[in-house]
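Because the structure is predicted, anything quoted here is derived from the model rather than measured. Order of appearance sets the numbers: ligands from 1, and atoms from 1 within every ligand.
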Amino acid sequence: MDIRLLDSPEEMAAVEALERLVWPGNETEIVPVHMLRAVTNNGGALIGAYDGDQLVGFVFGFPGIEETPSGPRPKHASHMAGIHPEYRDQGLGFTLKRAQWQVVRGQGLDHIVWTYDPLQSRNANLNIAKLGAVCNTYLPEYYGEMRDGLNVGLPSDRFKVDWWLNTPRVEQRLQRQRRPRLDLEHFTKSGASIVNPATFREDGLLEPFADSPLLPGLPAPLLIVEIPPDFPALKSASPDLALVWRLHTRRIFLGLFAAGYIVTDFVFEPGVQPRSFYVLSDGNRNLT
Ligand SMILES: CC(C)(COP(=O)(O)OP(=O)(O)OC[C@H]1O[C@@H](n2cnc3c(N)ncnc32)[C@H](O)[C@@H]1OP(=O)(O)O)[C@@H](O)C(=O)NCCC(=O)NCCS
């Protein structure tokens with residue numbers, strides 16, 4: 001794969017076309033060439049991945065300002081990352097984000113933020129487990145009503161993640177030699193409790209435990225929150241159940257973040273019945 005910064009209108013037209021493939025169904029959700037060009041001419045970064053002549057992935061973001069207790073501070077806001085459906089699960093999302101990390105560090109910044117749907121297990125795996133981003137901010141209905149094929153029909157709740165570029169945590173996750181994959185047992189044997197143990201319904205769909213206590217067995221250094229392993233499939237099989245998951249996890253994450261917990265890891269257990277779990281650390285204790 002050829003990974004490079006994109007700056008010509010022709011390259012940006014290819015990005016537009018790829019956006020239409022990744023977020024099908026509504027033209028208003030597309031960032032057009034003129035906006036891509038204006039942003040990249042003013043400190044933004046549009047990075048593409050090519051297989052031969054074909055653009056198969058991109059990541060796009062822009063510089064921004066965040067308010068902190070010590071005053072306004074510059075950051076980078078990553079707005080979109082999209083991989084051609086035939087090129088997913090091959091490490092391309094990771095490679096593009098690592099290129100973004102290099103470009104933004106080169107601009108002298110140390111913080112990239114972005115949002116994603118917390119029920120998208122693959123995105124969670126990439127953002128939290130592979131890249132080492134952390135999250136303690138839940139944004140209900142962040143984008144209002146969305147119309148594209150990925151998001152239509154559900155409240156557009158989002159995690160806002162923080163990617164602290166110069167931390168040992170992130171530098172270690174970005175090394176070419178990957179850390180060993182951790183399974184759920186690794187965390188439960190360390191004393192982590194599962195907040196919302198889910199069960200399979202007769203139709204094979206995973207259902208959340210309706211009466212999950214919000215803060216079981218506190219104080220607990222680690223907590224685990226289960227999500228569906230394939231939310232798009234669950235949503236198309238049962239929009240009602242998808243809404244149940246949205247509201248169930250909204251309640252849990254809002255409560256846990258308010259109590260000081262931080263999402264610090266993610267476990268995906270593939271197999272005949274795959275399962276997906278966020279790991280949250282008690283932010284009131286020292287984090288490692
Ligand atoms: C999210 C996206 C950018 C990820 O790109 P990608 O190239 O597939 O990412 P990677 O291959 O680097 O990482 C994905 C990881 O998730 C794993 N994975 C696959 N299915 C999974 C699932 N259901 N649950 C959890 N992890 C899963 C992959 O195996 C891979 O991990 P591995 O490297 O340990 O094998 C891509 O899937 C995409 O374009 N999605 C649609 C648009 C989108 O959601 N964009 C992001 C928000 S703007």
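- Scanning all protein heavy atoms for the shortest distance to atom 25 (C) of ligand 1 gives Ser121 OG, 3.0 Å.
- Ligand 1 lies within reach of Arg181, whose nearest heavy atom is under 4.0 Å from it.
- Annotation: atom 38 (C) of ligand 1 to nearest protein heavy atom, Arg88 NE, 3.5 Å.
- For the pair Arg4 and Tyr50, the cation-pi test (distance below 6.0 Å, angle within 45°) is passed.
- Closest to atom 28 (C) of ligand 1 among all protein heavy atoms lies Asp89 OD1, 3.4 Å.
- Near Gly91, with a cut-off below 4.0 Å to any heavy atom, the atoms of ligand 1 are 10 (P), 11 (O), 12 (O).
- In this structure, atom 23 (N) of ligand 1 lies nearest to the protein heavy atom Pro229 O, 2.9 Å.
- Between Lys75 and Asp162, none of the side-chain N atoms (NZ, or NE/NH1/NH2) sits under 4.0 Å from a carboxylate O, so this pair counts as no salt bridge.
- The pair Arg20-Glu27 counts as a salt bridge, with a side-chain nitrogen and a carboxylate oxygen less than 4.0 angstrom apart.
- With 3.5 Å as the limit, one finds a donor-acceptor pair spanning the side chains of Gln100 and Ser78.
- With a 4.0 Å heavy-atom cut-off, ligand 1 is reached by the side chain of Arg178 but not by its N, CA, C or O.
- The pair Glu66-Arg73 meets the salt-bridge criterion, since a charged nitrogen lies less than 4.0 angstrom from a carboxylate oxygen.
- Among the atoms of Phe94, some N or O lies under 3.5 angstrom from an N or O of ligand 1.
- Salt-bridge check for Arg246 with Asp117: passed, with a basic side-chain N closer than 4.0 Å to an acidic carboxylate O.
- Cation-pi geometry between Lys97 and Trp114 is met: under 6.0 angstrom from the ring centre, within 45 degrees of the axis.
- Protein heavy atom closest to atom 44 (O) of ligand 1, with residue, atom name and distance, is Asn123 ND2, 2.9 Å.
- A centroid separation of 6.0 Å or more is found between the aromatic rings of Phe187 and Phe277.
- If you look at Ile83 next to ligand 1, the close heavy atoms, those under 4.0 Å, come from the backbone and the side chain alike.
- When each atom of ligand 1 is checked for a heavy atom of Gly82 under 4.0 Å away, the hits are 39 (O).
- Not a single heavy atom of Gln120 sits closer than 4.0 Å to an atom of ligand 1.
- Nearest protein heavy-atom neighbour of atom 10 (P) of ligand 1: Lys130 NZ, 3.4 Å.
- Residue Trp23 touches ligand 1 through its side chain alone, judged by heavy-atom distances below 4.0 Å.
- Enclosure of atom CD in Glu16 by more than 12 non-hydrogen atoms of other residues, nucleotides or ligands within 6.0 angstrom is indicated.
- Nearest non-hydrogen protein atom to atom 42 (C) of ligand 1 is Val22 CG1, 3.4 Å.
- Aromatic ring orientation, Tyr143 versus His79: perpendicular (interplanar angle above 60°, classes split at 30° and 60°).
- Of all atoms in ligand 1, listed by their number and element, those nearer than 4.0 Å to a heavy atom of Leu92 are 7 (O), 12 (O).
- Closest protein heavy atom to atom 7 (O) of ligand 1: Gly93 N, 2.8 Å.
- Counting only N and O atoms by type, the side chains of Tyr138 and Asp157 include a donor and acceptor under 3.5 Å apart.
- The N/O atoms of Asn125, backbone and side chain alike, include one that comes under 3.5 Å of an N/O atom in ligand 1.
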